[in-house]
Amino acid sequence: MENRNDKYEEILRKREIRPTAMRILILKTMMDSAEMVSILDLENKLETAEKSTIFRTISLFMMHNLVHCIDDGSGSLKYAVCNTDCSCSVKELHAHFHCEKCDKTFCLKSTPVPVIALPDKFVLNNINYVLKGVCDKCSNKQ
Ligand SMILES: [Zn+2]
Ligand SMILES: [Zn+2]
Ligand SMILES: [Zn+2]
């Protein structure tokens, strides 16, 4: 009999994270979500998980480049699962879109962030590239 969690276990193993029931649950919840999620969003979606557990799990996922985060200006960081081979280097960063109507933030995975020329000896570690506007669902309602 095929285990329906096989897919998630494999993703975790590939990132050298030991699959536990909680890690699988959090990964699945994130992958099922069309928009990025905050720690609070996960807490609301997962009634059985404690905030500290969610926080530790997300930190672990971040360390293994399984998820990335963005500061969308809403006051809480938003997280999403990375592409399979992502190593979260600056070159791999994509743009994000924050909808000012529904307050959701989306990964624009096929839109790489523009390359910015920096002054001499400035070292780039991260780019927080967030576009703001109205998402497809909200613009349809107008
Ligand atoms: Zn990544
Ligand atoms: Zn929207
Ligand atoms: Zn993203």
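Indexing begins at 1, ligand by ligand and atom by atom, following the structure's order.
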task: May I ask you to check whether Glu50 and Thr53 show a side-chain donor-acceptor distance below 3.5 Å?
output: no
Original post:
Does Ile17 offer a backbone N or O that forms a donor-acceptor pair with the side chain of Arg23 under 3.5 Å?
Top reply: no
Angle between ring planes, His68 versus His96, binned at 30° and 60°: parallel, tilted or perpendicular? tilted
Quiz item: Hey, are Asp41 and Ser38 close enough side-chain-wise for a donor-acceptor pair under 3.5 Å?
Solution: yes
* Under 3.5 Å, is there a donor-acceptor pair between the side chain of Arg15 and the main chain of Phe61? -> no
Thr105 and Glu35 side chains, donor-acceptor separation under 3.5 Å:
no
Looking at His96, the N/O/S atom that lies nearest to the Zn ion (ligand 3) is called NE2
One checks the Zn ion (ligand 2) and counts protein N, O or S atoms under 2.8 Å, reaching 4
Looking at His68, the N/O/S atom that lies nearest to the Zn ion (ligand 3) is called NE2
For Thr48 and Met22 the tightest heavy-atom approach is O-CE, 4.5 Å
Vertex the Zn ion (ligand 1), ends Cys88/SG and Cys82/SG: angle to nearest 10° comes to 110°
